[in-house]
Amino acid sequence: MMTGKYFFSETDIKSAWEQVLTAFWQRYPNPYSTHVLTEDVLYREVTSDNLLLTRRLLTKTNRLPRWAERVFPGNLSRSVYIIEDSVVDLGNRSLTTLTWNVNHAKLMRVVERCVFAGEQDRPVWTRLTREAWISSGVFGLSRPIQEFGLARFKSNQMKAMKGLEHALSNLQKASAACHGESAEKHKNLNSASKPQKPQQYI
């Protein structure tokens, strides 16, 4: 796709694809992704072949390494704007995302592609395939910038997984609480419908 550093990983998430899809939309805010400041939906459409297309704008903090702070101007924006395009295919049980940074692209461009796929033979598991391409257009410094970008990406993707797991955990707790309430109501209705024994007075 482009020159620079390349990252690839495959992860098995022990949750059904439908749960992962719901958690994906609810993953911010979470305690592991405090660097994500805002998220806004710019565009959303359901196509004629039942694909859900979404474009979102995310704002994240952009802390430079110390050596870069000495090289680049102090007024360089400390926020980075990320475009996230996603396609939900319910028929094939897949969610595909493509993200890239809008600003600071000459300094460092990070393009990430993720595919969350439900598996036929393992319905309670979801396979996440993640790829990333890190490049820099800064002459003479592109290699250390790419190395830094790759290291930061690895750290951030671990936080992203923890954030997704946090959202999944919240969903499971909410579901368990809802089932608990339903069971309690059912129990109360059953006890209320049982014929009461006549009281005996001695």
Side-chain angles (χ1 to χ4, degrees), residues 1-30 32-33 35-60 79-106 108-135 153 156-179 182:
M1 187 172 181
M2 62 179 68
T3 58
K5 295 294 179 181
Y6 175 70
F7 175 88
F8 176 87
S9 71
E10 286 185 319
T11 307
D12 285 324
I13 304 169
K14 194 175 182 181
S15 288
W17 178 79
E18 290 77 8
Q19 287 181 318
V20 172
L21 178 64
T22 304
F24 174 82
W25 299 117
Q26 299 179 11
R27 68 195 193 279
Y28 302 127
N30 70 72
Y32 304 101
S33 299
H35 64 293
V36 179
L37 305 177
T38 64
E39 53 174 337
D40 298 284
V41 175
L42 302 180
Y43 173 81
R44 185 162 274 163
E45 175 196 3
V46 178
T47 66
S48 57
D49 50 349
N50 286 327
L51 301 178
L52 174 64
L53 310 181
T54 305
R55 170 165 285 190
R56 300 199 301 169
L57 174 66
L58 306 176
T59 308
K60 303 182 181 183
S79 294
V80 60
Y81 302 105
I82 309 288
I83 292 292
E84 174 196 88
D85 283 352
S86 62
V87 181
V88 177
D89 185 343
L90 289 176
N92 291 314
R93 297 175 77 234
S94 70
L95 162 66
T96 303
T97 67
L98 186 70
T99 60
W100 67 94
N101 57 302
V102 178
N103 59 336
H104 306 320
K106 181 173 170 55
M108 183 168 63
R109 167 62 61 91
V110 179
V111 179
E112 179 187 20
R113 183 176 185 270
C114 294
V115 180
F116 299 81
E119 300 193 344
Q120 295 282 348
D121 54 337
R122 297 194 307 165
V124 297
W125 288 84
T126 301
R127 168 65 61 91
L128 166 58
T129 304
R130 188 190 302 268
E131 293 179 281
W133 297 264
I134 296 110
S135 59
F153 179 84
N156 283 346
Q157 67 96 21
M158 288 174 67
K159 292 176 185 174
M161 276 306 304
K162 286 184 177 179
L164 185 65
E165 288 165 3
H166 180 77
L168 280 166
S169 176
N170 286 343
L171 280 175
Q172 287 160 3
K173 286 175 188 172
S175 177
C178 185
H179 286 314
S182 298

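A heavy-atom distance below 4.5 Å is found between the side chains of Leu168 and Gln19. In this structure, the side chains of Glu131 and Val115 stay at 4.5 Å or more apart for every pair of heavy atoms. In this structure, the side chains of Leu164 and Ile13 come closer than 4.5 Å at one or more pairs of heavy atoms. Contact of the Thr99 side chain with the Val111 side chain is not registered, since no non-hydrogen atoms from C-beta on lie closer than 4.5 Å. Using a 4.5 Å heavy-atom cutoff, the side chains of Asp12 and Arg122 are in contact. Between Leu90 and Trp17, some side-chain heavy-atom pair lies under the 4.5 Å cut-off.
With rounding to the nearest 0.5 angstrom, the CD atom of Gln157 is 8.5 Å from the CG atom of Leu128. Annotation: the span from Trp100 atom CH2 to Arg109 atom CZ amounts to 8.5 Å, rounded to 0.5 Å. Here Thr38 contributes atom OG1 and Leu57 contributes atom CG; the two are 6.0 Å apart, rounded to the nearest 0.5 Å. Atoms OG and CZ, on Ser15 and Phe116 in that order, are 12.0 Å from each other to the nearest 0.5 Å.
In terms of the salt bridge (charged side-chain N to carboxylate O under 4.0 Å, His left out) criterion, Glu45 has no residue partners (sequence neighbours excluded). Annotation: salt bridge (charged side-chain N to carboxylate O under 4.0 Å, His left out) contacts of Arg56 (sequence neighbours excluded): Glu39, Glu84. Legend: residues meeting ring pair (Phe, Tyr, Trp, His ring centres under 6.0 Å) with Phe7, ordered by chain and number and at least two apart, are Phe153.
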(request) Please test Thr47 against Leu53 for side chain to side chain contact (heavy atoms under 4.5 Å, CB included), starting from the C-alpha separation and ending with a verdict. (result) CA-CA 8 Å; Thr47 66; Leu53 310 181; 3.6 Å; yes
(message) Could you go through Ile82 and Lys60, starting from their C-alpha distance and side-chain angles, then the distance that decides it, and tell me whether this counts as side chain to side chain contact (heavy atoms under 4.5 Å, CB included)?
(response) CA-CA 8 Å; Ile82 309 288; Lys60 303 182 181 183; 4.1 Å; yes
(message) Before you tell me yes or no, could you show the steps for Asn92 and Ser94 under side chain to side chain donor-acceptor pair (under 3.5 Å), namely the whole-Å CA-CA distance, both residues' side-chain angles and the distance that decides it to 0.1 Å?
(response) CA-CA 6 Å; Asn92 291 314; Ser94 70; 5.6 Å; no
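Using cut-offs of 30° and 60° on the angle between ring planes, the pair Tyr6 and Trp133 is tilted.
A side chain to side chain contact (heavy atoms under 4.5 Å, CB included) with Arg113 is found for exactly one of Thr129, Asp85, Leu98, namely Leu98.
A distance-only check finds a donor-acceptor pair linking the side chain of Arg27 to the backbone of Phe24 [under 3.5 Å]. Asn101 places a side-chain N or O within donor-acceptor distance of the main-chain N or O of Met108, the cut-off being under 3.5 Å. With hydrogens and angles ignored, the 3.5 Å screen pairs a side-chain donor or acceptor of Asn103 with a backbone N or O of Tyr81.
Ion pairing between a basic and an acidic side chain is recognised when a charged N comes within 4.0 Å of a carboxylate O; Glu18 and Arg93 show such pairing.
Other residues, nucleotides and ligands contribute over 12 non-hydrogen atoms within 6.0 Å of the CD atom of Glu10.
Remark: Arg44 qualifies as a cation-pi partner of Trp25 under the 6.0 Å distance and 45° angle criteria applied to the six-membered ring.
Annotation for Ala23 and Leu171: closest pair N-CD1, 3.6 Å, computed over non-hydrogen atoms.
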